[in-house]
Number of protein chains: 2
Amino acid sequence: MAQPADTARKSIGARRNPASADAILDAAEAVLVEAGYSGFSIEAVARRARAGKPTIYRWWPSKAALLFDVYQRQKRVDTPDTGNLEKDLVGFLDSLFEHWRSTPSGNIFRSLIAEAQSDDGAAAALADYAAGRRVTTGRMIERAKARGEVRSDVDAVLVADMVASFAWTHLLTNRLNGEEAAIRGAVRYILQGILDHRA
Amino acid sequence: MAQPADTARKSIGARRNPASADAILDAAEAVLVEAGYSGFSIEAVARRARAGKPTIYRWWPSKAALLFDVYQRQKRVDTPDTGNLEKDLVGFLDSLFEHWRSTPSGNIFRSLIAEAQSDDGAAAALADYAAGRRVTTGRMIERAKARGEVRSDVDAVLVADMVASFAWTHLLTNRLNGEEAAIRGAVRYILQGILDHRA
DNA sequence: ACCTCATCGATACGGAACGTTTCGTTAAAT
DNA sequence: ATTTAACGAAACGTTCCGTATCGATGAGGT
């Protein structure tokens with residue numbers, strides 16, 4: 001679901017000032033980029049957006065919800081489809097690492113994961129999002145299965161989970177640079193395995 | 001005059017009351033277990049330990065440092081060695097998940113990772129720790145290489161990284177229960193790959 | 001036996017951010 | 001033109017931060 005955790009929007013009075021919501025999301029992103037997660041406070045966002053704190057709290061029940069909406073506004077890396085799974089997976093991870101490195105998305109996502117460790121709402125939203133992405137990425141593997149490239153008994157979502165886990169962990173431990181060899185290695189091991197003798 | 005070994009007052013100041021340090025670490029762990037990461041504050045730890053805040057700040061420069069020490073006191077899951085890599089990896093992950101589930105270690109580790117997203121010191125400590133664990137776990141793969149079970153060109157540390165990533169991500173997204181099938185699948189894919197045809 | 005001194009618990013401090021409440025103002029909807 | 005609700009600003013009490021200051025405690029050295 002693309003909606004924020006709650007959306008318990010009050011009565012008929014629809015969001016009267018969408019410009020204000022945009023300004024707040026813009027400010028939140030800017031604060032996150034300039035001050036980092038540790039400097040990301042509702043007060044800082046309100047100051048930056050020239051908005052009142054209650055305005056933020058009215059629409060976003062928590063810092064986590066705001067973070068999640070900021071993340072949702074970011075562009076996503078979509079999954080390639082060249083007809084070759086190895087090329088697709090390596091390309092996907094290369095693009096993802098580059099995207100995390102060169103846009104605010106990486107730091108926003110890190111913050112979101114961190115927040116999810118202490119905020120149940122953020123945890124639920126993140127779990128939901130991650131499950132969706134596993135399915136999306138899993139389609140890459142499904143396509144390869146369809147063309148007979150991958151064994152039919154393979155769990156595409158699980159493979160997507162392994163790929164995502166590799167990426168997440170690298171993001172969380174600041175290992176996004178010069179990891180091309182690791183990416184290629186990891187993909188190759190998932191595709192071909194590491195055993196010396198085959199049954 | 002029989003003088004004891006000169007452990008004399010050192011730079012950092014001889015820790016005069018190790019019992020107090022233990023009490024603080026005990027309290028920190030208890031707070032973390034009872035109130036979770038969001039309730040984990042220096043003040044709460046001090047209250048619980050009947051210690052003064054300055055006493056904590058004297059020895060631990062940050063919340064992250066205290067967290068790390070708490071984590072270091074926990075038991076670790078060690079890597080099995082049955083002579084069969086698949087059994088070892090599955091056993092290792094099963095034990096790790098069970099350990100994270102049934103002891104405070106999981107939540108402490110989650111907190112540490114979260115803290116590392118906003119504290120450079122914690123990030124460095126975590127990176128160091130994780131690198132060490134990759135080497136340790138990598139020995140499992142090295143042993144399998146030595147007995148010819150694994151291809152000699154395989155990067156053992158990278159494989160360990162993939163295994164750890166899988167575990168970390170499951171921890172961070174609250175997926176520690178009923179994951180036996182996923183563990184077996186992931187290990188099998190790493191060992192045997194997912195391709196249908198081999199080159 | 002005395003003295004010295006680092007650590008101890010306790011308390012207070014200024015600062016920041018929390019989440020809420022109050023109050024005029026503004027602007028869309030009727 | 002009137003209603004109505006979201007708006008910004010400001011202030012609130014609270015919690016926690018990290019630091020400073022205090023007298024008490026107790027071990028080591030003389």
Side-chain angles (χ1 to χ4, degrees), chain A residues 5-28 31-32 34-67 111 114-115 118-122, chain B residues 1-28 31-32 34-67 111 114-115 118-122:
Chain A
D6 189 5
T7 36
R9 298 289 122 84
K10 270 289 193 79
S11 49
I12 320 152
R15 177 165 291 177
R16 199 117 85 95
N17 189 355
S20 178
D22 276 342
I24 288 168
L25 289 170
D26 286 343
V31 167
L32 214 38
E34 291 168 17
Y37 177 47
S38 61
F40 182 71
S41 68
I42 298 290
E43 301 221 340
V45 172
R47 275 195 300 271
R48 173 95 187 196
R50 295 175 183 283
K53 277 198 290 174
T55 303
I56 298 181
Y57 280 108
R58 177 170 4 257
W59 303 114
W60 292 277
S62 68
K63 186 150 74 173
L66 180 54
L67 252 180
S111 306
E115 191 73 16
S118 56
D119 182 305
D120 288 343
Chain B
M1 34 177 156
Q3 291 191 352
D6 178 22
T7 56
R9 27 230 58 197
K10 287 297 188 70
S11 46
I12 313 212
R15 186 162 284 184
R16 195 120 87 97
N17 191 355
S20 178
D22 276 343
I24 289 167
L25 288 171
D26 286 344
V31 167
L32 214 39
E34 291 168 16
Y37 177 46
S38 61
F40 182 72
S41 67
I42 299 290
E43 301 221 340
V45 173
R47 275 195 300 271
R48 173 96 187 197
R50 296 177 186 283
K53 275 199 293 175
T55 304
I56 298 181
Y57 280 108
R58 182 177 352 263
W59 292 335
W60 293 278
S62 68
K63 185 151 74 174
L66 181 54
L67 253 180
S111 306
E115 190 74 15
S118 57
D119 182 305
D120 288 344

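Order of the sequence lines fixes the chain letters, A, B, ..., with proteins taken first and strands second; residue numbering starts at 1 for each chain. Here the structure is a predicted model, which is why all the values come from computation and not from measurement.
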With a cut-off of less than 4.0 Å, is there a side-chain N or O of [X] near OP1 or OP2 of [N]?
| X | N | answer |
| --- | --- | --- |
| B:Trp60 | D:dG18 | no |
| A:Ser62 | C:dC18 | no |
| A:Thr55 | D:dA6 | no |
| A:Arg47 | C:dA17 | yes |

[X] [atom1] to [N] [atom2], straight-line distance once rounded to whole Å:
| X | N | atom1 | atom2 | answer |
| --- | --- | --- | --- | --- |
| A:Tyr57 | D:dA5 | OH | P | 24 Å |
| A:Asp119 | C:dC18 | CG | P | 13 Å |
| A:Arg58 | D:dA9 | CZ | P | 14 Å |
| B:Leu66 | D:dG18 | CG | P | 11 Å |
| A:Ile42 | C:dA16 | CD1 | P | 18 Å |
| B:Glu43 | C:dA16 | CD | C1' | 13 Å |
| B:Lys63 | D:dC16 | NZ | C1' | 8 Å |
| B:Ile56 | C:dG9 | CD1 | P | 9 Å |

What distance separates A:Leu67 CG from A:Tyr37 OH, expressed to the nearest 0.5 Å? 6.5 Å
Using a 4.0 Å heavy-atom cut-off, does A:Arg50 contact any base of the nucleic acid, only the sugar-phosphate backbone, or nothing at all? sugar-phosphate
Mind listing the closest non-hydrogen atom pair of [X] and [Y] along with its distance?
| X | Y | result |
| --- | --- | --- |
| A:Glu115 | A:Ala64 | CG-CB, 3.6 Å |
| B:Ile24 | B:Val45 | O-CG1, 3.8 Å |
| B:Val31 | B:Gly39 | CG1-O, 3.7 Å |

Should the side chain of A:Lys53 and the base of C:dG19 be counted as holding a donor-acceptor pair, with the cut-off at 3.5 Å? yes
Which nucleotide in D:dA6, D:dG8, D:dC16 has an atom nearest any side-chain atom of A:Ser20: D:dG8
B:Trp60 versus B:Ile42: any side-chain heavy-atom pair under 4.5 Å? no
